[in-house]
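Worksheet: the structure to be examined is printed underneath.
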Amino acid sequence: MSPRRAWAVLVVLSLAAFAFITTELLPVGLLTHIAPDLDRSRSRVGMLVSGYAVVVVVASVPLARLTQRIPRRHLLGGTMILFAAANAAAALASTYAVLAGARLLTALAQALFWSIATATVTGPFPIAVRGRVVALFATGATLAPVLGVPLGAWLGQHAGWRTAFAVLAGVGLAIAAAVLILLPSYPPATGGAARGTAPDGRRFTVLLIATALGIGGFMTLQTYITPFLLDVSGFADAALAPLLFAAGTAGVVGTLAAARTLDTRPIASLLTPLSIGAASLIGMYALGALRPGAVAFLAGIGLAYAAFGSAVQSRMLQLAPGSTDIASAGVSTAFNAGIAGGSLFGGALLSISGARPLALVGGSLTLVALTLLAVDARRRHAATPAPAAAGRETAVRASPLPR
């Protein structure tokens, strides 16, 4: 694949990630419109988001195994066609059951997409710049809560919630056509990123555990950040949208900042966002009642969450003990398990102790994840001869960037 074509595939799949995350979170922005139209409670409509994450957790690895021999061009094109069909069904849904079924299909498509997209988008690029490519690919997912969900909510308010899903169906068809045109057909096993560059089953397992704990820590508070900002920090309702937009913007900054270090300092790229996240979560507990402190720590949480997600995907490409598609499915499972677990844990705590302790508990979980990865890195460093390590780093720095 030519460099120009490789960059075009990167842009298209980043847009696909944007569309998937927008679809996943869209019911949150349209909740007050969907609930009365389908005669269901708001909490029941909210289950369309939590149930979506559960499907991704359960289906990612099985789907990756079932489809690991299908050429990526056909598989990604078919996945986007399924995405478009499911969103069209959601737009036409006359009952809650039909909408839930459409969401189930979309979640299955997303589970498969995240299992295969990272290896597909990074395969044409040299090893030395794949971390940067991962971060640029992740920008689409990071922008979804900042731009996609607000735009979908605005469209739903002015043209009806069904219109928002219909537009996403059209976007899915356009992306499917672009994938089928741009992506060559080749056996998955021959892809440039089909296998990890430094396979290590034990360290990959540690990465999965740390991912679930770290994301769970972030989501313990982030799922219920609105009651925290209202009840603890004392912000008015009108301030919520700008605050959440600022947090999302910080996430974009975090993703772009991670792109500069993922290839040359993969361990630091994992530990730094976890450190920032733990400090911000604990700081939110200690000083979140002060509005300037709450704003600063909210931005720190958003930045750290996005940067950590990019770092995990990049590290997966190195440590995957076998197929990177299966490894990516494992990462997706760990990530969504953290989302679901953090949300459930935070909800249970919220009803017992209020919003403020969620920040301390979330920070503690993130610290555990940080400790796991730091100890693992220290053991690896102690076991690796300095000259060999230096030689590898020199080789990575010397690899060319495609133009």
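The first residue in the sequence is number 1, and the count goes up from there.
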| With respect to Gln318, which candidate in Thr197, Leu262, Ile127 satisfies the side chain to side chain contact (heavy atoms under 4.5 Å, CB included) definition? |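 Exactly one option meets the side chain to side chain contact (heavy atoms under 4.5 Å, CB included) with Gln318, and it is Thr197.
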
Polar side-chain atom of [X] near backbone of [Y] as donor-acceptor pair, under 3.5 Å:
| X | Y | result |
| --- | --- | --- |
| Ser332 | Ser328 | no |
| Arg103 | Thr23 | yes |
| Thr220 | Gly216 | yes |
| Arg72 | Ala119 | no |
| Asp376 | Arg203 | no |
| Asp263 | Arg132 | yes |

* How about Trp7 and Phe137: are their ring centroids closer than 6.0 Å? ->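 That pair fails the under 6.0 Å test.
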
Which pairs would a plain distance check flag for residues 244-255, meaning a side-chain donor or acceptor within less than 3.5 Å of a matching protein atom at least two apart in sequence or in another chain?
residue : atom : partner : partner atom : Å
Thr249  : OG1  : Phe245  : O            : 2.9
Thr255  : OG1  : Thr142  : OG1          : 3.1
Thr255  : OG1  : Gly251  : O            : 3.1

Counting C-beta onward and ignoring hydrogens, is there a side-chain heavy-atom pair between [X] and [Y] closer than 4.5 Å?
| X | Y | result |
| --- | --- | --- |
| Pro184 | Arg5 | yes |
| Ile276 | Phe308 | no |
| Leu207 | Leu270 | yes |

Name each donor-acceptor pair under 3.5 Å that joins a side chain in residues 340-348 to protein atoms two or more places apart or in another chain, with its distance.
residue : atom : partner : partner atom : Å
Ser343  : OG   : Thr223  : OG1          : 2.9
Ser343  : OG   : Ile339  : O            : 2.8

Parallel, tilted or perpendicular, as decided by the 30° and 60° cut-offs, for the rings of His158 and Trp154: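 Tilted, since the angle between the ring planes falls between 30° and 60°.
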
Which value, rounded to the nearest 0.5 Å, describes the distance between [X] atom [atom1] and [Y] atom [atom2]?
| X | Y | atom1 | atom2 | value |
| --- | --- | --- | --- | --- |
| Thr139 | Leu256 | OG1 | CG | 5.0 Å |
| Thr67 | Leu76 | OG1 | CG | 9.5 Å |
| Arg260 | Arg265 | CZ | CZ | 10.5 Å |

query = Where do Val206 and Arg202 land on the side-chain contact (heavy atoms from CB on, under 4.5 Å) test, with the steps shown first?
reply = CA-CA 6 Å; Val206 172; Arg202 186 191 64 79; 4.2 Å; yes

Exercise. Is NZ or CZ of Arg356 both nearer than 6.0 Å to the six-membered ring centre of Tyr285 and within 45° of the ring axis?
Worked result: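 Judged by the rule (NZ or CZ under 6.0 Å from the ring centre, within 45° of its axis), Arg356 counts as positioned above Tyr285.
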
Worksheet item: Between Leu271 and Ala374, which heavy-atom pair has the shortest distance, and what is it?
Response: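 Heavy atoms only, the tightest pair is CD2-N, 3.8 Å.
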
Task: Non-hydrogen atoms of Pro321 and Gly201 that approach each other most closely - done: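 That would be CB-CA, 3.9 Å.
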
* Asked: Would Arg65 and Asp325 pass as an ion pair if we require N to O under 4.0 Å?
  ->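 Salt bridge between Arg65 and Asp325, a charged N being under 4.0 Å from a carboxylate O: no.
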
Polar contact flag, side-chain donor to acceptor under 3.5 angstrom, Thr261-Ser269: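 Yes, Ser269 and Thr261 have a side-chain donor paired with an acceptor closer than 3.5 Å.
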
For Ala159, which residues count as a side-chain contact (heavy atoms from CB on, under 4.5 Å) partner, sequence neighbours excluded?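 Once residues adjacent in sequence are excluded, the partners of Ala159 under the side-chain contact (heavy atoms from CB on, under 4.5 Å) criterion are Leu155, Thr163.
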
